[in-house]
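Below, all heavy atoms of this structure are taken into account, side chains as well, without hydrogens, waters or symmetry copies. Every chain is numbered from 1, with letters handed out A, B, ... down the list of sequences. Note that the coordinates shown come from a computational prediction; the quantities given were computed from them, not determined experimentally.
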2 protein chains.
Amino acid sequence: MDIQIYDTTLRDGTQREGLSLTCQDKLHIAQLLDDFGVNYIEGGWPGSNPKDAEFFDRAKSLKLKHARLTAFGATCRVNGKPDDDANIRALLDAETPVVTVVGKTSTLHVRDVLQTVPEENLRMIRESLAFLKSRGRQVIYDAEHFFDGYKLDADYALSTLRAAWDGHADSITLCDTNGGTMPWELEEIVSTVRAQFTGKPFGIHVHNDSELAVANSLAAVRAGCDLVQGTINGYGERCGNANLCAIIPDLELKMNKRCLPPGHLEKLTALSHAVSEIANLAPDDHMAYVGRSAFAHKGGIHVAAMRRNSSSYQHIEPTCVGNEMRVVVSELSGRGNVLSKAEEFGMAVDSTQTDVNAVLARIKELEAQGFHFESAEASVEMMLRRARSDYRPLFEMIDFIVIVEERQGRGLLSEANVKLRIADEIVHVAAEGNGPVNALDTALRKALLPHYPTLGSFHLADYKVRILDGGAGTAATTRVLIETANHVKRWSTVGASPNIIEASWLALCDSVEYGITVAGT
Amino acid sequence: MDIQIYDTTLRDGTQREGLSLTCQDKLHIAQLLDDFGVNYIEGGWPGSNPKDAEFFDRAKSLKLKHARLTAFGATCRVNGKPDDDANIRALLDAETPVVTVVGKTSTLHVRDVLQTVPEENLRMIRESLAFLKSRGRQVIYDAEHFFDGYKLDADYALSTLRAAWDGHADSITLCDTNGGTMPWELEEIVSTVRAQFTGKPFGIHVHNDSELAVANSLAAVRAGCDLVQGTINGYGERCGNANLCAIIPDLELKMNKRCLPPGHLEKLTALSHAVSEIANLAPDDHMAYVGRSAFAHKGGIHVAAMRRNSSSYQHIEPTCVGNEMRVVVSELSGRGNVLSKAEEFGMAVDSTQTDVNAVLARIKELEAQGFHFESAEASVEMMLRRARSDYRPLFEMIDFIVIVEERQGRGLLSEANVKLRIADEIVHVAAEGNGPVNALDTALRKALLPHYPTLGSFHLADYKVRILDGGAGTAATTRVLIETANHVKRWSTVGASPNIIEASWLALCDSVEYGITVAGT
C-alpha cells in the first residue's frame, strides 16, 4: 500500500456527542473495518474505562485478515515510572500487537495541563515508549497538539519528537488536535519536520473544526506522511475527526495512492451506512462519495445533461465507491427492480402466478407509510410469496392484547394474550415479558411452536426502532427492524406504524413466517 | 472589504434534495443575509420558474443595507439573439442591479450538451454579456465546469473567458461545478489564469463532492480571487455548495481577510440556525464554528484541561462566531463537569444543600443502566434539583396501566390509566392515544393540567428511541429521549429501561417536572 489507513472510529469517534456504542457494537464495527481492509483499528483506551477493557478482552477472539488492533493510552504520569503506571499496564493487558501512546508537544499544555517542567515531559515520552517497546509492542506515538505546539515553540515541539524516536517509536503521528490549522501551514510544517528526521515514518491525525480535515489529511500526504488517521463518517468530538469516507476515495481516485486491497473501495458506501446503522445515527445523505444524494440529480438541466453524457455532472463513476446515480422526483424503481430482487432470492417469478405490478404498487404504498425495505429483504420476499396465487398463510391473527402496568411500587408487569387460527384450529395463549414487545413475541412463539417446531431454533438477533417524523412527538410513525437468526441464517424484517406495538407485531409476523417457510426448510 | 461574499443559498442552495423554500421564506432569508453583511444575494433564476420571478417582484420592496441583489440566468440559446431570448428578458425583468450569467467552458459540454460548435458558444457568451451591459447592469460571468474544461482543453477554456471580457463582464467567477478538483490543482490553475488577464477580478464557486469545497475556496483566495460564492450551511445539490459558515470565519480569523462589517461575524451562528429553521432542516450539530457541538467537550481529561486553560482544546474563542463552549455530562465526567453544568444552568450549587458526589454517582449508575445524559440536560438539572435538601416533588405516581389491543380486525386501540398523588389529592384519569406512549403522555398531562396550567403551553417536539443492546432482541434496554418545547424554550429529558413504556414514562415525568418548575416560570 502507498498509504496506511488507521481507523479510530472506536476510540476518538465515540467522543462525538450523541454517539455511544456497546461492546458488541464495537466488535461488529471492528469486523467490518477489517473486511474493508484498513491497516489499523484503534479499539479504545483500556486505561480510561471498563467498557474499553472489556472490548480488548473479547476482541482476542476476532479473526482479523487485514488489520492490526491497537490500544490507545497516554504517557506515564508526571514523576511516575511506566512500569507501575495503571494506564500503561492497561495497555499491556489489552494484549494488542500495536499500542498508540499520546504525549504533549506544546509548552502551554506541559505548563498548564500537566503542570510540570518541559524536561519531565520529554522523560515521560521517552521512558513510556521504551518500556512498551521492551515488551514487544509496535509503538505509534501521537504528538498531541503538534501544529499549535510547533507554532508556539518549534524547538520544543521537535524535541518531543526526538524523545519519541529516542524511545524507539516505530512511527509518529502528528496531530492537529484542535482542528485550527490551515492546509498550507500544515503542509509546510510537515515538510520541515520530515527534513529533520530523514527516513522516519510519519502519520497525520486532524480534526474538522475549520471544515478542513480532509484537505489537511491530503496536504500531509503530499508532504510525505504515509499513514492517515480518521474515522468512518468523520465521527468525533466537536466537529469530528477527519472523514475516511472522503479521504480514501480522494487518495485512491484523485491522487492515485493505493490504500485498500484491489476492489475494496466499492465497499465504502455499504461500510459508511452500516456504521451509522450500528451507531443508530441517521446517515448524512449529503456526505461526499457515500451519501444517498451524492450522485442524485435534481435540477432539470442537470438531469437532461446527464442523459446526454453521464460524466457531465459527476466527478467520478459512482459505482467505484459502491454508490449509485439517482434522479430525484421521479423515483423510477420499476418492475425490473422487483424482478431482479426475486432472482436474487432464487425465486422463479412466473407472471401467471405472481402479480409483480401489485407487489410494486404495494411496496411504494408501504414506503410512503414509513416502511423501508432496503434493510429488510425477508419482508420483500414474503411480499412476493404472498402475491403468488398458491400462497397459503401459516396462521391468521384473530386478537392480541398487550398490558403494561405498574401498581403501587410492586414493579412493572408486561403481559400479552394472542389468539390465532392455525390450520383451522384456534389457539389462545398468554405470556409475560420484560416489556410489551418481548411479551408479544413470547406469546406468538408459544402459540406457533407446537405446530412449527423449527421455530424453536430461532432467536431474535437484533431489534431496532427509529422514529421517522420526530416533529410529531409521541404520535410519530415508528419503524421497527427485526433481525432473526437460526444456526445457519440471519434475516431481517420490517414493520411501521404510529403504534410501536403494531409496528413490532408486523415485523415479528414476517420474521416467523419467513423463518418457517424459507429459513427453516 | 478584502473579499466579497456572494451568497447563492436562494438559488444553488435550493437544489439540495429535501430543501424547498416558499417565496416568503426566500424574502426572509434575503433580509437575514443583508443584516449579516454579505455583498451579493443571488435570489434565483427568474427564467427557470415562476416562483423565482415572483421573488424578484416582491424583493423590490426589500430595503437592503449591505447587499446587492442579483438574478441568475444562462447565456442566450444556440443561434439565438440575446434581445429576443426569454431567459435574458427574464433577467432584465427582475430589475436587479446585478445579473449573473452562466456559460460553458468545456468542449465536452459544448459538443454533448449544447450540441453546437466551439465558436458559437464564444459568440453566445460575448453577445449575452454585451447586451446586458448595454442595459446598465453590473454583469458577473460564471464559467461553468471551468476547472474540468481547463484540464480538457486549456486554450478553449481561456478563450471562453476572453469572450466574457470582450462582452465587458465586470468580473468572472470560476466554477468547480462537479466538485472533483483538488486544492493544489485549483490554486495552480487560478494563478495561471490570473496571469493571462492581469488586473481583472476573479471569483470562485465550488461544490463539495470531494469534501474539499472550503479548502478549494481558500486556495482560490490565496491565488488571488477576491469574490467567494457559497451558501449558508453548505446547502446545495448532491454534497452541497461551499459552506460560507466555515469559509467566512476561516478567512477572517485564520487568514486575516475582512469579509464582513466589523462585529458582524458574531451573528454567524444565529444566521446558520435561522436559515436551517426556515428551511425546516435539522441543524447539523457538528458543523464547524456554528454547530451546537462545535465547542462541546465530553472527555473528562479535556474538561479538566479546559478548566485550567480554555485555549487548551479550542482553536478559537467561540463567542467570535456567536457560539458557546459547552460541557457534556456523560459517564466520562468528573465533579468538574457537574459543577460547570450547574453554573451553566445558573444554579448556585451550595454544597451544604446539594450532594454533588451523590449526583455524580447517580449519573454513573444510571448511565450504566443505559441512560445517556449528554443529550438530556433537563434530566441532569432535575437530578441536581432533586439532590437539594429542600426539594419537594410536584407529584407522586401511584399506578399506571397501558393497554394495546386488536380484536378481530376492529383496529388498534391504545389506552392508559394514570393514578397520581398531587399535593395530597388522588387524581385518577384515563386517556386514549394512537400508540401506548402517546396514550400515557395524554393521560399524564390530563392528570396534571388542572393543578399546573402552564403545562397547556408545552408540546412534545421530538421523541427518539434507541435500543442499546440489539443482541438481546426484544428484551434489550431501550433508551427514550424526549424533547419538549413551549413558546420560548426547548428541553430534553431521558429515560431507560428494558421496557419501552417505563423508559418513556421516566422521560415524560422529567419533561413535565422540568417544564413546570424551570421552563414554565
Side-chain angles (χ1 to χ4, degrees), chain A residues 15 17-18 20 22 24 112-113 178-180 182-183 209-212 214-215 238-240 246 250 254 280 286 288 293-294 296 298-299 305 308-309 312 315 328 399-408 412 434-435 437-438 441 460 462-465 467 470 473-475 498-502, chain B residues 15 17 112-113 178-180 182-183 209-212 214-215 238-240 246 250 254 286 288 293-294 296 298-299 305 308-309 312 315 328 372 374-375 399-407 412 434-435 437-438 441 460 462-467 469-471 473-475 498-502:
Chain A
Q15 295 291 319
E17 188 175 1
S20 159
T22 63
Q24 186 57 44
D112 288 359
V113 181
N178 293 1
M182 298 290 106
D209 298 75
S210 311
E211 209 183 315
L212 292 167
V214 172
R238 305 188 311 272
C239 311
D250 280 345
K254 308 285 176 150
N280 203 22
H286 304 277
S293 299
K298 179 172 173 180
R308 290 182 183 159
N309 184 328
S312 58
H315 66 127
V328 180
D399 299 336
F400 71 72
I401 173 161
V402 178
I403 298 172
V404 180
E405 65 171 37
E406 164 70 66
R407 290 200 183 264
Q408 296 176 318
L412 221 61
N434 59 3
V437 179
N438 186 237
D441 177 37
L460 281 181
D462 203 357
Y463 176 75
K464 285 205 165 78
V465 177
I467 303 298
T474 54
N499 189 317
I500 190 174
I501 304 297
E502 185 178 42
Chain B
Q15 296 292 317
E17 189 176 359
D112 288 359
V113 181
N178 291 3
M182 298 290 105
D209 299 74
S210 311
E211 210 183 314
L212 292 167
V214 172
R238 304 188 312 273
C239 310
D250 279 346
K254 307 286 176 145
H286 304 277
S293 300
K298 179 173 171 179
R308 290 181 183 159
N309 183 327
S312 56
H315 66 127
V328 175
H372 195 53
E374 66 180 50
S375 333
D399 298 337
F400 71 72
I401 173 162
V402 177
I403 298 172
V404 179
E405 65 172 35
E406 164 71 70
R407 289 200 183 266
L412 220 61
N434 60 1
V437 179
N438 186 236
D441 177 36
L460 281 182
D462 203 355
Y463 176 76
K464 287 203 171 78
V465 177
R466 164 87 157 105
I467 303 298
D469 180 11
T474 54
N499 189 317
I500 189 173
I501 305 296
E502 183 178 42

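- With sequence neighbours excluded, no residue satisfies side chain to side chain donor-acceptor pair (under 3.5 Å) with A/E406.
- Side-chain contact check for B/I403 versus A/E405: every heavy-atom pair is 4.5 Å or farther apart.
- Counting heavy atoms from C-beta outward, B/D250 and A/M182 have side chains that approach closer than 4.5 Å.
- Contacts with chain A were tallied for B/P183, B/A288, B/G179; B/A288 has the most, counting heavy-atom pairs under 4.5 Å.
- Heavy-atom pairs under 4.5 Å with chain A were tallied for B/G240, B/C239, B/A296; the largest tally goes to B/C239.
- Looking at every heavy atom in both residues, A/K254 comes nearest to B/G180 through NZ-O, 2.8 Å.
- When the options B/I401, B/N499, B/I500 are evaluated for a side-chain contact (heavy atoms from CB on, under 4.5 Å) with A/V404, the one that passes is B/N499.
- When every heavy atom of B/E211 is checked against every heavy atom of A/A246, the shortest pair comes out as OE1-CB, 3.5 Å.
- Counting heavy-atom pairs under 4.5 Å between each of A/D209, A/L212, A/I501 and chain B puts A/D209 at the top.
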